[in-house]
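A, B, ... follow the sequence lines: proteins, then strands. Residue 1 opens every chain. Only a predicted model underlies this, so the values are computations on that prediction, with no experimental measurement involved.
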Amino acid sequence: MNQFLAMENFRKWIPLLVLIGLALFFTAVNPNFLSFRNFARIAISASPALMVAVGVTFVILMGSIDLSMEGTVAVCAVLFALMLNALGGSIAGWGWMAIPGTLFVGAILGAINGLIHVQLKIPSFMASLSLGFVGIGLSLLITGGNRIQIEDPIFRSLLTLRIGGFALMSYAALAALLIAWFIQDNTTIGRNFYAIGGGEDLARSSGLNVGKLRITGFVVAGIFFALGAIFAVARLGIAETETGRNFMFVSVTSVVVGGTALRGGSGGVWNTLVGVLIVNVIGNGMVVIGLPDYFQDGVLGLLVIAAVYLSTDRRSLSFVK
Amino acid sequence: MVQLSARRKAFPLRPHPAHGLNGGLTYTERMRRHFPWITLVSALLLVGMTDINFLSPENLLNLATDIVPLLVMAVGMTLVIYIGSIDLSSQSIANMATVLTTISLPALGVGSGLLVIAAGLLFGAISGVVTARLKVPSFISTLAVGGIALSVGQFASGQQALHMDAEQRKHAFGWIMGTTAGIPHELIVALAIVAVAWFIQNRMTAGRTFKAIGAAEPVVVASGIRVERYKILAFALSGMFAAIAGLMFSVRLSGGSPTLAEGFLLPAIVAVLVGGTPLTGGVGGVTNTLIGTMIVAVVRSSMLYLNIPATGQQIFFGLVLIVAIATTIDRSKLRIVK
Amino acid sequence: ATLGSGVARAAAQNPKIAWSYRDRTNPYWNSIVSGGEAFVRSLGKSTSDLINLINEGSSEKSLSDIKSLLSRYGSEVALAADPNDMPNCRPVVEAVSRAGAYVSTIWNKTDDLHPWDFGDNYVSHMTWSDVGPSEQTARLLFDAMGGKGGVVHLGGIASNNPAIERLEGFKNALKAYPNIEFLAVQAADWDTQKANQVMSGFLTRYGDAIKGVHCASDTMAYGVIEALRAEGIEDMPIVSYDGNPQAVELVTKGKILATVFTNPHWAGGITAALAYYAATGFFKPSAEPKEHREFYGPTTLVTTKDAQVFKTKYIDTNPTYDWKDFWSLGKGQIKYRS
Amino acid sequence: MFELQNVEKRYPGVHVLKGVDLKIGDGEIIGLVGENGAGKSTLMKIIYGAVQHDAGNVLVDGVPVHFRTPRDAMQMGVGMVYQEQSLISNLTVMENIFLGFEKPFIRFGAINWKRMSEAARKQLRKVKLDINPATITSRLTFSQRQLVELAKVLALEERVDGKLVILLDEPTSVLSKDEIELLFSLVRELRRRASFIFVSHRLDEIIDLSDRIYVLKDGAVVDVISADEAQIETIQKKMVGREINREYYRENRQIPYNKDDVLLELDHVTVAGRENDVSLKLHAGEVLALVGVEGSGREPILRTIFGMRKPEKGTVSIRGMTVRSFSASQSVSHGVGYIPRERKIEGIASGMNVFENMTLSQMKNYSKGGMLDIAAERELARDWIRRLSIKVASENVDCGNLSGGNQQKVVLAKWRSGGSEIILLDHPTRGLDIGAKEDVYEMVRDMSVDGVGIILVADTLEEAIGLSHTIAVIKDGEIRKWFNCQPGAKPSLYDLIQHMV
Ligand SMILES: Nc1ncnc2c1ncn2[C@@H]1O[C@H](COP(=O)(O)OP(=O)(O)OP(=O)(O)O)[C@@H](O)[C@H]1O
Ligand SMILES: Nc1ncnc2c1ncn2[C@@H]1O[C@H](COP(=O)(O)OP(=O)(O)OP(=O)(O)O)[C@@H](O)[C@H]1O
Ligand SMILES: [Mg+2]
Ligand SMILES: [Mg+2]
């Protein structure tokens with residue numbers, strides 16, 4: 001029994017070990033990898049992805065999935081830019097209102113997603129995928145396909161201001177992660193997400209309003225997608241429909257690589273942090289070691305399989321879909 | 001307690017919505033399985049109302065022929081979704097297939113088709129092994145294997161778009177391109193492929209096992225069936241169909257490129273889902289996908305007939321999708337909607 | 001195979017004008033569309049009369065949409081198209097010819113496909129010879145670097161023709177600069193975010209050895225600039241390509257040394273105009289010389305010196321073009337390498 | 001005063017509750033007995049709001065109420081301990097106890113874990129369970145979990161003012177003797193606050209604890225007996241609706257088995273996670289019953305024989321041949337069949353029809369070159385539908401829509417028609433009504449006569465005694481005692497229980 005427990009505890013750390021292993025491997029090939037500045041770079045590229053992945057983590061913990069992130073991020077990014085520019089163009093003035101405004105937009109989009117999924121009884125995969133299309137279309141409609149530039153130096157200081165070598169954005173993302181952690185571990189809704197993931201019918205018979213919680217989960221996810229959108233805009237100074245691109249597969253992959261199970265009920269936002277870092281370290285590392293670009297998709301695939309393989313406890317899984 | 005209860009009114013009691021008091025399924029529930037084709041016919045009629053030519057046999061034939069590569073890929077995807085998994089590698093395998101067909105055509109002729117089919121089977125089987133044996137969820141395993149296929153395609157093509165020699169193409173695959181009695185051979189080939197898939201699904205032990213895995217995997221295990229083998233087979237078949245889709249597309253376009261089949265994946269998944277095969281598996285099947293693919297084709301071309309402005313097309317597509325899925329999926333088969 | 005060889009037929013009175021292109025999320029394609037709309041307005045029609053076929057980067061959708069268009073309007077179609085992937089051009093052109101409609105293409109075409117093989121229906125193909133201008137920007141870049149130091153190139157989707165040519169131009173320029181060290185090339189798929197990540201990877205790999213960046217498109221340059229800005233590097237010489245408004249703006253500010261303007265607005269208008277006027281019988285394509293059927297589009301190098309002037313002329317307003325003056329901006333007949 | 005009037009419940013094809021009237025006075029303990037499938041759990045779930053009744057009234061102090069969700073019920077002081085485990089295994093004990101009622105522990109939006117932990121400790125103390133409330137529930141043993149469920153319900157005491165109604169659905173089936181004693185003293189102690197409905201198949205317990213006993217048969221209350229006057233035999237008679245005799249188990253058809261024909265042998269087999277080992281022999285025509293309390297390790301033995309588990313030590317041999325590789329497919333090819341306990345999870349594939357289910361384990365016999373002979377499959381299904389008088393419209397009916405008894409017959413037919421010579425029966429009559437049970441018993445005898453070796457994990461001890469040739473009493477994964485079960489010389493319940501706990 002003790003041995004079993006030890007093994008179980010050990011497993012929890014495997015994603016982290018994979019991360020360290022990857023870092024060591026890349027360092028061995030090119031020592032430049034192991035530098036403070038490079039870590040700061042990885043932190044910047046990981047920040048928006050982390051927010052999106054944390055958002056979807058909540059939904060995955062419930063055993064559902066949210067694939068609407070590309071649309072939600074796109075809508076939030078362009079609305080953020082429009083609001084900021086309409087409110088004077090600077091965070092220092094009234095422009096800061098664009099931030100809560102964008103989070104609100106994210107929440108609304110999440111709520112629509114959740115409502116369609118719960119009320120129309122459409123599995124979340126399909127509901128959110130369709131709504132992703134709608135979101136992308138909406139952002140296109142809003143911008144007419146144009147890009148919106150954000151010049152505000154104060155807002156851009158999320159990227160340009162360095163504290164202890166790391167961009168301000170990375171600290172902001174860390175703060176958001178801590179909030180997510182707090183929600184996950186110390187609030188009723190966070191714990192109830194685990195309850196639903198652990199056994200939906202049991203949760204229901206314990207008196208939880210599963211439908212309402214589901215919708216709440218999508219709302220929380222939407223808010224984090226909006227945060228991801230803000231960071232993505234801060235990183236490039238551009239808001240456009242493309243801002244949402246690629247987030248879908250990258251974020252779900254990160255969540256799973258971090259050790260959160262797609263069937264729900266186990267894992268959490270710290271796992272997601274590790275997963276996002278693994279994915280970004282691989283992406284960065286492949287460039288740093290100078291791997292030819294045509295091999296990169298394949299090597300990423302192999303490494304992801306290896307990471308998930310190492311960190312799943314196959315004995316506890318009767319079957320996998 | 002008394003006060004509390006006094007405020008609570010007794011609610012009118014109803015039987016479970018899914019069945020009447022006599023226990024039989026209600027009318028709507030019995031109609032459910034007809035919803036996919038009813039949706040298709042309604043969509044056709046709706047678009048036909050704006051322009052009656054849309055419903056001309058020639059146009060419908062063209063519409064069906066255009067969608068052939070997507071249909072073939074979706075049929076393969078169906079087998080995987082049928083067992084409750086998903087295959088995100090299809091598009092990359094098709095990409096790779098266009099490249100492999102094009103570069104091997106001069107040396108192998110028709111044999112290039114066999115090579116490509118074998119490659120598809122192999123990559124599909126790898127996804128299957130990774131999913132079934134290594135227990136990596138198919139969402140991830142197929143995405144990763146797709147990445148490998150993409151790399152192979154990029155490497156093999158030298159990162160270039162390649163074209164086929166017209167003579168060689170005609171010699172090896174001319175038979176796919178022709179028509180007989182006005183019916184394009186491509187369509188005939190595709191229907192033959194659907195028929196094969198239908199046969200596998202409904203008349204062969206493998207198909208029966210796929211269905212059982214989707215419906216109740218633990219039962220299959222407890223019946224002494226080697227579930228892993230069948231799962232690997234389903235993925236391998238899906239990979240093969242994806243490769244055939246790439247092959248047919250490559251022949252149609254007379255060339256190959258590592259990005260040629262870009263944009264196949266989501267429509268293929270959507271076609272399967274809209275047809276009424278839910279991601280939970282066990283229900284639906286290739287005939288559903290045939291209908292689902294047609295629905296996708298009709299919705300896509302409806303944009304032209306309904307004059308949907310350029311910036312509104314995505315929204316239109318997303319909304320129609322929600323409506324289509326909401327009407328086609330059979331909720332009585334889904335115990336918990338996640 | 002010469003189809004419809006010179007047989008006189010009734011010209012279309014009022015053909016539908018359509019543009020088929022990749023997406024609406026990219027400034028380049030938005031300019032193309034704006035040109036198409038300007039042309040449609042010049043005919044006294046409303047911009048909504050321009051039919052937009054957006055293929056989302058999917059050759060499959062591109063072809064299906066075009067076929068739907070043809071089956072709806074038959075020969076009454078004047079189509080301007082970027083077929084998205086080189087192999088896709090042939091089936092597009094064949095379908096249009098079969099329908100008796102008219103098509104002009106840009107960018108993607110295989111070398112063995114020529115408008116004159118299709119009589120009048122394949123009106124023209126325009127592409128841009130990117131090798132020369134790309135070499136020019138590279139030279140500007142190397143000069144700004146003082147003729148020495150390390151340089152990296154960020155390329156587009158590797159199998160796309162412009163990506164190949166722009167890399168080639170860059171490599172040509174290298175030959176004349178023995179002290180420039182070519183550090184690395186990597187595809188960033190025309191994508192701002194990806195370019196940003198690739199650039200930060202390069203910074204780790206090569207650090208201060210990077211003295212200049214050659215980008216195959218403006219959109220990627222934005223990502224590079226931001227990656228550098230994150231490191232507090234503000235004065236790295238960068239050159240890019242496409243002449244998008246934002247890039248021209250950056251050239252005026254000296255953030256980008258040079259970009260190459262391909263005049264997408266004009267291209268969008270003139271390509272539609274060629275197809276349209278061929279369809280109405282205003283001119284007979286088969287009577288035109290080859291250099292009017294396959295020609296290079298205009299390229300203008302935009303550097304810090306002339307950026308301001310350029311901006312007022314081409315970006316802040318669009319010049320009014322004579323859409324019947326088809327060839328005066330062209331740069332001669334397309335030459336094939338092999 | 002809690003009252004049910006004329007409560008009706010139907011599921012497709014089955015009338016589960018037929019006008020049930022039931023009254024619970026304050027502080028009263030009601031015993032509820034009835035056969036499997038009589039509708040006891042359904043009735044409890046209706047009171048608890050987890051299932052909605054179709055007609056009739058629920059009255060609290062004379063006022064009609066309708067609980068749409070368990071939450072409604074809990075707020076009115078109704079709590080329930082489910083028959084099946086209903087704790088969420090990835091949550092901690094304290095979270096489970098206060099699931100849905102975290103509010104009192106929220107400070108500034110955050111859960112105050114210390115307070116919750118203290119509160120949980122208080123609840124756990126009530127059931128004399130000394131565990132850390134922060135333990136993840138999946139680490140607990142079965143009986144610990146049962147006690148936690150009880151603690152969870154008892155938390156109502158503090159949460160709700162006024163009277164409580166606590167529903168206990170077979171809480172004792174997995175508890176040890178001491179734990180049962182504890183439970184009973186708790187219940188008696190709580191009578192000041194709460195009334196109880198107590199469901200158990202152990203009639204002696206029911207008589208011991210309750211004030212009045214409701215006997216449910218086929219969804220109707222057939223009698224209400226005061227506990228003072230109750231006698232086990234009369235209750236049994238009422239439950240079943242007729243005299244129970246030895247014929248129920250077809251003992252007259254029990255014939256001696258062939259001692260020389262050993263089909264299966266387990267030699268010092270150690271199952272993962274257990275320290276003890278098991279040795280046994282199964283002969284052709286023998287019915288060997290494994291008896292023991294819940295969690296004693298009967299199921300792992302069956303699963304090992306079926307190849308779904310790998311033994312850590314020891315050898316399994318089938319017809320003298322040692323089994324080397326363990327997999328279900330291997331066992332099936334050696335002629336082993338398995339009727340699992342969780343019929344709806346491992347037994348019947350809902351969504352598939354009768355013939356598809358019947359041939360699932362033997363598709364080889366009904367296909368050529370991978371192609372199915374569907375006509376032959378249908379023929380087989382029709383044949384067995386007739387033989388076992390399975391109540392279905394046709395062989396095309398989705399098995400998920402069959403009643404439990406009929407589902408069970410389909411599963412039995414699946415293995416029987418496949419020619420299995422060793423059949424493992426795990427709770428084969430669970431959830432079946434008497435008619436169906438008798439059909440199953442008849443089948444067991446038929447198979448036995450045909451020389452099939454059967455290992456039985458029975459639903460009740462009576463069933464084990466009635467059906468078997470041999471009984472092995474299992475405790476803690478080890479065979480403690482063997483009994484010979486010749487008709488006329490069968491051991492008594494008491495004989496067995498002695499060795500079980
Ligand atoms: N959700 C359901 N849908 C359809 N029928 C059901 C459902 N739940 C229970 N039943 C049926 O209702 C009947 C009564 O079941 P119930 O669980 O109440 O029996 P029980 O008396 O508790 O039996 P046991 O002693 O085995 O626990 C059974 O025939 C059962 O199959
Ligand atoms: N979990 C469930 N979900 C849906 N329906 C169910 C469920 N469980 C049982 N049923 C339905 O309840 C009905 C009766 O089931 P049950 O198994 O208990 O019948 P039964 O009364 O025991 O039948 P028999 O007389 O054959 O033994 C069946 O028609 C079945 O469809
Ligand atoms: Mg029953
Ligand atoms: Mg019960």
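Counting non-hydrogen atoms of other residues, nucleotides and ligands closer than 6.0 Å to CZ of B/Phe155 gives a total of 12 or fewer. Within a 6.0 Å radius of NZ in C/Lys16, no more than 12 heavy atoms belonging to other residues, nucleotides or ligands are found.
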For B/Leu253 and C/Leu63: C-alpha separation, side-chain torsions, deciding distance, then whether side chain to side chain contact (heavy atoms under 4.5 Å, CB included) applies. CA-CA 10 Å; B/Leu253 266 50; C/Leu63 185 56; 3.9 Å; yes
If you apply the rule side chain to side chain contact (heavy atoms under 4.5 Å, CB included), what do you find for C/Glu56 with B/Gln314, and how did you get there? CA-CA 10 Å; C/Glu56 322 281 355; B/Gln314 292 261 20; 3.3 Å; yes
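For chain C, the nearby part of B/Phe249 is the side chain; its heavy atoms alone come within less than 4.5 Å. C/Ile164 touches chain B through its side chain: at least one heavy atom from C-beta onward sits under 4.5 Å away, while N, CA, C and O do not. For C/Leu70, no part lies near chain B; criterion is any non-hydrogen pair under 4.5 Å. Heavy atoms closer than 4.5 Å to chain C are found in both the backbone and the side chain of B/Glu262. B/Asp51 touches chain C through its side chain: at least one heavy atom from C-beta onward sits under 4.5 Å away, while N, CA, C and O do not. Interface remark: B/Met303 contributes no atoms to any contact with chain C (heavy atom separation under 4.5 Å). Contacts between B/Ile308 and chain C at a heavy-atom distance below 4.5 Å are absent for every atom of the residue.
Taking non-hydrogen atoms and a 4.5 Å limit, the residue list of residues 21-33 of chain C in contact with chain B, ordered by number, reads C/Tyr21, C/Arg24.
At least one donor-acceptor pair closer than 3.5 Å links the side chain of C/Arg72 to the backbone N or O of B/Leu304.
With values rounded to the nearest 0.5 angstrom, C/Ile157 atom CD1 is found 9.0 Å from B/Ser257 atom OG.
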